[in-house]
Amino acid sequence: MSNNQELADRLARIARLQELLGFDKFRAISNERAARTVEGFPEDVIALSKDRAALLKIDGIGPKIADKIIEFATTGGIKELDELTAEVPAGLMPLLELNGLGPKTVRMFWQDAGVTDLASLRKIIADGSILNLPRMGAKAVEKIVASIAMIEEGDKRLALGLALPVAEAFVAQLKKHKSVKQIAYAGSMRRGKDTIGDIDILVATSDAAGVAEAFRTMPQVRHILASGETRSSVRAALKYVEPPPADGTTIIAPVTGPTVQVDLKVVPLESWGAALMYFTGSKEHNVRLRERALRMGLTLNEYGLFPDDDEKEPPHKRGIKSIASSTEEEIYAKLGFNWIPPELREDRGELDIFALASSEDDAAAETKPAKTSKKSATSKSTKEPAKGKKGPAAAAPAIATAAAAPRVLPRLIELADIKAELHSHTTASDGEMSIVELATRAKARGFHTIAVTDHSKSSAIANGLSVERLLRHIDAIREAASKVEGITILAGSEVDILADGRLDYDDEVLAKLDVVVASPHASLAQDPKVATARLLKAVRHPLVHILGHPTGRLINKRAGLSPDFSELYSAAKEHNVALEINAHWMRLDLRDAHVKGAIDAGCNLAIDCDVHYPGDFDNLRYGITTGRRGWLTPERCVNAWTAADLHAWLKSKR
DNA sequence: GCCGTTTTCGGCCCGACTGTTTTCAGTCG
């Protein structure tokens with residue numbers, strides 16, 4: 001686990017303990033918010049902790065939390081956390097994970113009924129004494145029992161690549177319903193997160209009952225959890241198709257396999273934009289937008305943007321006309337923003353880019369002045385742009401320096417920008433296609449270049465090539481290149497980075513290759529210091545072009561390496577090595593926050609499909625989404641370069 | 001615990017839903 005992740009976990013634990021202990025809830029919220037900030041922070045926070053002033057510049061981090069970060073960096077722990085932990089029975093914390101149980105209820109169980117863990121909660125349910133507690137009726141208990149069952153099944157977040165096809169199938173099916181005016185999936189899926197909790201489908205229709213009925217009766221629906229007039233909720237099968245085995249047969253997951261929760265929400269057509277924004281999130285992004293609305297004398301909810309008149313009843317219920325509601329674009333515009341791509345809506349600087357311009361807009365806004373009771377929420381990052389700083393702090397707080405960036409969001413990478421695949425496997429190692437088939441498929445996608453990069457000798461399990469086989473393979477690639485027109489076929493290798501950082505082939509062999517992708521495949525639980533040295537050695541190797549799946553993580557299966565990313569980024573920039581975003585949905589490695597860090601550090605990135613099977617080209621969308629979440633532009637993605645530029649870069653390392 | 005272009009105290013985003021209640025607390029997204 002990375003330092004940032006460990007610190008974020010600790011801060012989040014402090015927040016949860018504070019809630020359980022009945023502290024002021026805003027204190028807990030502050031710790032929780034700091035946890036999310038640290039988690040998404042592109043630089044290693046330990047390195048950043050050497051400069052307290054830089055820490056304090058980060059939005060949401062004040063003196064107390066800065067000290068906790070410094071304490072964690074120097075001692076590896078946080079005393080406050082230990083003290084809070086000692087006050088609460090260890091078994092109580094997992095109860096917070098139960099759906100429908102919040103800190104207030106769990107605290108009440110603990111204080112009033114002596115519940116200390118799941119077992120003692122079960123006991124008061126079994127003997128019925130739970131019914132004597134405040135607000136505990138038969139239905140409430142029934143829900144708790146269901147939540148316990150759910151958590152025992154292991155309710156992990158699902159990889160995007162498993163969930164997205166399910167969502168698309170629902171959308172495609174429901175679109176056929178004639179009454180449907182608008183339909184889209186929203187939530188973290190629309191933002192392109194690497195894992196999702198559930199699928200939110202939004203629909204605007206003139207026949208809510210009919211669409212809900214169609215939704216509940218789709219063939220992949222296994223259970224109906226709730227069904228109302230405007231909301232329905234089901235669990236649907238993941239119709240997950242495995243990559244075909246060698247004999248060409250296709251395995252489809254059985255109907256009893258894993259399921260995912262899908263929620264359908266019916267919204268009024270005139271509120272489509274507001275509802276889509278609201279349900280797309282993120283929560284943090286929405287909070288910032290609503291704070292901004294308040295400063296402009298407006299209020300934003302899922303029905304639209306309204307004048308803020310201080311009445312308690314929501315404006316849409318009083319027939320107040322919205323200022324904007326039907327499209328996302330008009331709502332963002334009224335708030336002084338261009339439309340923000342969903343992948344950026346994480347409150348990681350996407351709103352601050354406009355901050356300088358928007359403070360001028362505030363004065364010119366045609367709406368009434370903000371009320372005195374609602375304080376301005378202008379973030380720290382809108383203060384003076386950081387300038388003239390030296391040392392680690394100068395590069396570190398990307399969030400804090402966002403105001404210094406141009407006032408226009410970058411033009412993010414798109415699927416159509418990709419013109420080259422630089423990481424692919426053939427039957428020579430563990431792929432399914434011949435060189436010619438691989439090249440033909442790449443050409444059909446409009447690519448100008450494909451690099452054939454089979455595994456190196458140490459990857460025995462993947463049928464890695466000995467030096468002799470590699471040399472013959474290079475000849476075969478050259479021959480195929482002369483046969484297939486309209487695409488450049490490059491001879492490459494995905495070379496193992498051995499545990500000590502040496503590469504799996506000698507330099508004279510590597511020098512014969514057009515493209516070297518160096519990737520870690522074994523020893524993926526290494527100590528971070530060792531891992532850093534290992535990857536740095538590969539990046540500094542003069543013949544390496546791309547660092548492949550740098551951490552080796554597998555989503556929900558393997559954490560992978562936790563190198564010091566700041567060092568990795570600066571080495572990659574210095575040695576002109578592209579860092580890979582491996583587009584396979586099981587990897588997505590680098591992940592979004594790392595991409596942002598690499599971009600801020602000035603690195604180039606590669607988005608590659610690591611093609612083994614024909615269908616693997618389709619994983620490109622996940623790599624693109626991950627790149628967009630990391631603010632990747634086509635200029636910084638080697639796969640989006642012209643053939644001339646790409647080939648010149650590759651040759652520059654020969 | 002953080003924050004500030006009415007600032008160093010007194011606030012802190014918004015609404016739906018649920019289940020328990022007869023007006024609301026707690027949870028969720």
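Order of the sequence lines sets the chain letters (A, B, ...), proteins ahead of strands, with each chain counted from 1.
- Taking 4.0 Å as the cut-off between side-chain N and carboxylate O, A/E284 and A/R288 do not count as a salt-bridged pair.
- Looking at heavy-atom distances under 4.0 Å, A/L289 makes no contact with the nucleic acid at all.
- Ring-base stacking between A/F26 and B/dC2 is not satisfied when judged by a centre separation under 5.5 Å and a plane angle under 30°.
- Nucleic acid contact class of A/N31 (heavy atoms, under 4.0 Å, all strands): sugar-phosphate only.
- Counting to the nearest Å, the C1' atom of B/dC28 and the CD atom of A/E284 are 14 Å from each other.
- For B/dG29, neither phosphate oxygen OP1 nor OP2 lies less than 4.0 angstrom from any side-chain nitrogen or oxygen of A/H285.
- A salt bridge does not link A/K25 with A/E19: none of the charged nitrogens is closer than 4.0 Å to a carboxylate oxygen.
- In terms of phosphate contacts, A/K68 brings a side-chain nitrogen or oxygen within less than 4.0 Å of OP1 or OP2 of B/dG1.
- Of all nucleotides listed (B/dC14, B/dT20, B/dG29), B/dT20 comes nearest to the side chain of A/A140.
- At a threshold of 4.0 angstrom between heavy atoms, the contacts of A/A138 are confined to the sugar-phosphate backbone, with no base atom among them.
- Taking 4.5 Å as the limit, every side-chain heavy atom of A/P89 sits out of range of all side-chain heavy atoms of A/V115.
- Between B/dT27 and B/dT20, the two C1' atoms lie 13 Å apart (nearest whole Å).
- Relative to the side chain of A/P103, the nucleotides B/dT27, B/dG19, B/dC12 differ in distance, and B/dT27 lies closest.
- Residue A/T230 is classed as a sugar-phosphate contact, given heavy-atom separations below 4.0 Å to backbone atoms only.
- Atom name P, nucleotides B/dT21 and B/dG26: the rounded distance is 13 Å, in whole Å.
- Of the listed nucleotides (B/dG15, B/dG1, B/dT27), B/dT27 has the atom at the smallest distance from the side chain of A/T105.
- Counting non-hydrogen atoms under 4.0 angstrom, A/E80 reaches the backbone sugars and phosphates but no base.
- Of the candidate nucleotides B/dG29, B/dG15, B/dC2, B/dG29 has the atom nearest to the side chain of A/Y278.
- Backbone-only engagement by A/K64 is indicated by non-hydrogen atom pairs under 4.0 Å involving sugar-phosphate atoms exclusively.
- Crowding of A/K265 atom NZ: a count of heavy atoms from other residues, nucleotides or ligands under 6.0 Å exceeding 12.
- Pairing for B/dT8 is absent, judged as Watson-Crick or G-U wobble with the two contacts each under 3.5 Å.
- Within 4.0 Å (heavy atoms only), A/L101 reaches sugar-phosphate atoms of the nucleic acid but no base atom.
- Of the listed nucleotides (B/dC12, B/dG26, B/dG19), B/dG19 has the atom at the smallest distance from the side chain of A/K139.
- Contact annotation: A/Y303 side-chain N/O to B/dC14 OP1/OP2 distance is not under 4.0 Å.
- Checking B/dC2, B/dT18, B/dG1 against the side-chain heavy atoms of A/K143 singles out B/dT18 as nearest.
- Checked against B/dG1, B/dG15, B/dC2, the side chain of A/P63 finds its nearest nucleotide in B/dC2.
- In this structure, A/K25 reaches neither bases nor backbone, as no heavy-atom distance under 4.0 Å exists between it and the strands shown.
- Using a 4.0 Å cut-off between a side-chain N of Lys or Arg and a carboxylate O of Asp or Glu, A/E346 and A/R628 do not qualify as a salt bridge.
- No side-chain donor from either of A/D82 and A/T85 sits under 3.5 Å from a side-chain acceptor of the other.
- A gap of 12 Å separates the C1' atoms of B/dC2 and B/dT8, to the nearest Å.
- Dashed line: the shortest gap from a side-chain N or O of A/K104 to OP1 or OP2 of B/dG26 is under 4.0 Å.
- Checking the phosphate oxygens (OP1, OP2) of B/dT20, no side-chain nitrogen or oxygen of A/R135 falls inside 4.0 Å.
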